[in-house]
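In this chain, residues are counted from 1 in sequence order. As the structure is a prediction and not an experimental result, all values here were calculated from the model.
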Amino acid sequence: MILNKINKANDIKNLGQSELMQLTCEIRTFLIENISYTGGHLASNLGVVELTMALHLALDLPQDKLIWDVGHQAYTHKILTGRKNSFDALRKFGGISGFPKRSESPSDAFDTGHSSTSISAGLGYASAREIRGEDYRVVSVIGDGSITGGMAYEALNNAAQLKSNFVIVLNDNNMSISENIGGISGYLDGLRTAKGYMGLKENVQSMLKKFPHQGERLTRYITNTKSGIKQLFVPGMLFENMGITYLGPIDGHDLQALQRAFHQAMQVKKAVLVHVITNKGQGYRYAEENPARFHGTAPFNIATGCTLESDGIDSYTDVFSKVICDEGGKNENIVAITAAMGDGTGLAAFSKRFPKRFFDVGIAEEHAVTFAAGLAAGGMKPVVAIYSSFLQRAYDQIIHDVCLQNLPVFFAIDRAGLVGSDGETHQGLFDLSYLSSIPHMVIMAPKNRWEMADMIRFALDFPTPIALRYPRGEAYRGLVQFRSEIKLGKSEILYEEDSIAIIFIGNMANLAESVRYALKEIGYNCSLVNGRFVKPLDTERIEQLAKTHQLFVTLEENELMGGFGQQVAAYVQEAKLEVRVRSVGISDEYVEHGNVDLLRKEVGLDKNVIVNQVVSDYIIMTGEAP
């Protein structure tokens, strides 16, 4: 087995051409078998096997720097740098990450997880190399979906000024996560269909040279014009016009063609873009037929392609999808916006029912938010559905374009809290903090599936900016007996006693229930309060509770800094209330990948840990046990 010969970086260079061909098949089999067990990003990795191998043949790692945009397509890179024996723990707590991590291997040049960053990072490396007088090669790989992000164009504009070699590989598979849309996608389509234009250039030159006397002069004239002969056959030549040498398109599954292209690209003493055409899901029929579903997949049956975890229980995303479609049928002003995540955010159904009121803007969160602001100013009711960790990228637009003008944009923030296997770059742990600081913003979170539906309807009727944050996964079905009207800034008392008040936000409902039950079992009186709104804070309820309780315990799956608990504590101090506040959430740290239940224990969102803290606090305060 050829794969057994790959145990560290650069081992691939010891293989012959026939062994390399066999290795492509073995890597694909390895990926399919392992991801069917662990889950992970399959389609994107199957699509870049030859591309990754060609880059490893061209580079000397870790001295040379290979930077992957987003990074979910770096599994083959990990295999080729000595990590294949760790794939049984891929994306599990304590195991290898599904993304490049500098702390994991010296061959991972840059930590990635969000899109459109690789060109900026690579340009930084190349500029540092120039300043320090060092000698190594820098390659940034970016997908056609990621290059729709504005940051990529800012970097391309800057890269044109570089005076030394920097290779940008555009991995073009006509997909981001969902199918690509927009102008750049159409531009790349044109490049894909400009068959053999390099050969056509040579043929035209040969033909011109046959003209007596004038042929050579015409050839030199055309070659030396500003846009060059490529401009004649590939109209626009966006990258060349920006000052970046363009090579391609290249068949991304032809290993020898890729090797030739990279050798040529690395001779250019400036920024050069190599346009590579790949097929997402290559080599596994089900992933080729449905690359979006196999972008990030749960464990699955290889023979059928069916995922193994399918319990039929609605997720919060499912609830959002159903309600937004129902309400969209009643109100023609409702429009929905996503950033290349139509399936993931649950808006696919809305897009089919109301195609004229659905907008996928591509991987461009900043644009999505300001676009929504314009829609709202024009009289529409925009719903912006974006994952929590990706919405961070549009922070300025939320402040400046939505909230400053107090426009009625509804932010549906999916994947809030601990997301799990995708790790630090995807955990949604900051939204309560960064949104709470913005004037005019209203923030709420549901305790269960029924409150989720009620809050969606409330948000759709709300006249100013509002955010609804909810977690990934199964919608909680507990606390069904409590369902009261949603009122702005008002919490909900579920159980009212005295002494200790547990005030939770959103998906902490189940944990809060279990903590209360445990405290009751050992003799403590304990109220349970559904905070509902992080902003505006229910200060009236806080003051009422302070009259009969000595200890508040706030629960949130968010960073403590600037979060719900800190806001409760700040108000208690400001109002000089005689009550102690114990805030439970995520400490000032990034949380790695792993199972969500396990991660909660690691960060202290655990029943036993919280009960012990509460008992200790209460005894210190009162000097007595129950």
Side-chain angles (χ1 to χ4, degrees), residues 20-36 40-58 68-80 98 115 118 139 141-148 168-182 184-197 247-262 273-297 300 302 304-305 340 342-343 362-363:
L20 290 172
M21 293 301 102
Q22 184 178 336
L23 183 61
T24 64
C25 298
E26 291 184 9
I27 288 175
R28 283 197 169 91
T29 299
F30 179 90
L31 289 171
I32 294 166
E33 290 178 349
N34 278 271
I35 297 172
S36 74
H41 292 92
L42 181 62
S44 52
N45 282 288
L46 291 176
V48 297
V49 173
E50 291 87 357
L51 169 58
T52 308
M53 288 172 58
L55 287 169
H56 276 251
L57 289 165
W68 299 91
D69 203 273
V70 183
H72 57 233
Q73 76 282 50
Y75 291 7
T76 298
H77 166 75
K78 294 198 175 204
I79 292 169
L80 296 178
S115 67
S118 65
V139 177
V141 182
I142 187 166
D144 53 347
S146 294
I147 209 165
T148 63
I168 303 162
V169 179
L170 173 57
N171 174 31
D172 180 2
N173 55 31
N174 198 32
M175 295 285 291
S176 44
I177 294 174
S178 302
E179 187 173 347
N180 279 337
I181 49 84
I184 189 63
S185 178
Y187 173 76
L188 294 176
D189 284 343
L191 293 181
R192 294 186 201 101
T193 56
K195 296 184 178 180
Y197 76 86
L247 300 176
I250 311 294
D251 182 351
H253 301 297
D254 185 334
L255 186 59
Q256 290 182 318
L258 288 166
Q259 288 178 264
R260 289 192 298 270
F262 292 143
L273 185 140
V274 182
H275 182 190
V276 176
I277 308 295
T278 62
N279 180 32
K280 198 169 183 179
Q282 177 81 5
Y284 182 54
R285 177 167 66 92
Y286 297 111
E288 289 185 41
E289 293 172 352
N290 196 343
R293 187 170 75 78
F294 281 93
H295 170 76
T297 179
F300 62 94
I302 296 175
T304 65
D343 288 324
I363 301 177

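Shown here for P249 and I277, the closest heavy-atom pair between the two residues is CB-CG1, 3.8 Å. When all heavy atoms of T278 and G252 are compared, the closest pair comes out as CG2-CA, 3.8 Å. Scanning all heavy atoms of the two residues, the minimum distance from A340 to I363 falls at CB-CG1, 3.6 Å.
Annotation: F294 is in aromatic contact with F300 [ring centroid separation under 6.0 Å].
To the nearest 0.5 Å, atoms OG1 (T52) and CD (Q73) are separated by 7.5 Å. Separating the CG atom in D144 from the CG atom in D69 is a distance of 11.0 Å, to the nearest 0.5 Å. To the nearest 0.5 Å, atom CG of residue L23 and atom CD of residue E50 are 10.0 Å apart. For the atom pair CD1 of I142 and OG of S115, the computed distance is 7.5 Å after rounding to the nearest 0.5 Å. The distance from atom CG of N173 to atom CG of L51, rounded to the nearest 0.5 Å, is 10.5 Å. Note that CG of L258 and CE of M53 are 10.0 Å apart. Values are rounded to the nearest 0.5 Å.
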May I have the step-by-step check of side chain to side chain contact (heavy atoms under 4.5 Å, CB included) for I32 and L46, ending in yes or no?
CA-CA 8 Å; I32 294 166; L46 291 176; 4.0 Å; yes
Go through it in stages, so that I can follow the logic: the residues are N279 and H253, the test is side-chain hydrogen bond (donor to acceptor under 3.5 Å, both in side chains), and I'd like the CA-CA distance, side-chain angles, deciding distance and then a yes or no.
CA-CA 8 Å; N279 180 32; H253 301 297; 5.4 Å; no
List the steps, then state whether side chain to side chain contact (heavy atoms under 4.5 Å, CB included) holds for V48 with V141.
CA-CA 10 Å; V48 297; V141 182; over 6 Å; no
List the steps and the verdict of side chain to side chain contact (heavy atoms under 4.5 Å, CB included) for Y284 and I302.
CA-CA 9 Å; Y284 182 54; I302 296 175; 4.1 Å; yes
Side chain to side chain contact (heavy atoms under 4.5 Å, CB included) for F262 and V169? Distances and angles first, verdict last.
CA-CA 9 Å; F262 292 143; V169 179; 3.6 Å; yes
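Between N34 and Y75 there is no side-chain heavy-atom pair separated by less than 4.5 Å. S146 places a side-chain heavy atom less than 4.5 Å from the side chain of V70. Within the 4.5 Å cutoff, side-chain heavy atoms of H275 are placed close to those of L273.
Judged purely by atom type and a 3.5 angstrom limit, E289 has no side-chain atom pairing as donor or acceptor with the backbone of A287.
Using cut-offs of 30° and 60° on the angle between ring planes, the pair H41 and H72 is parallel.
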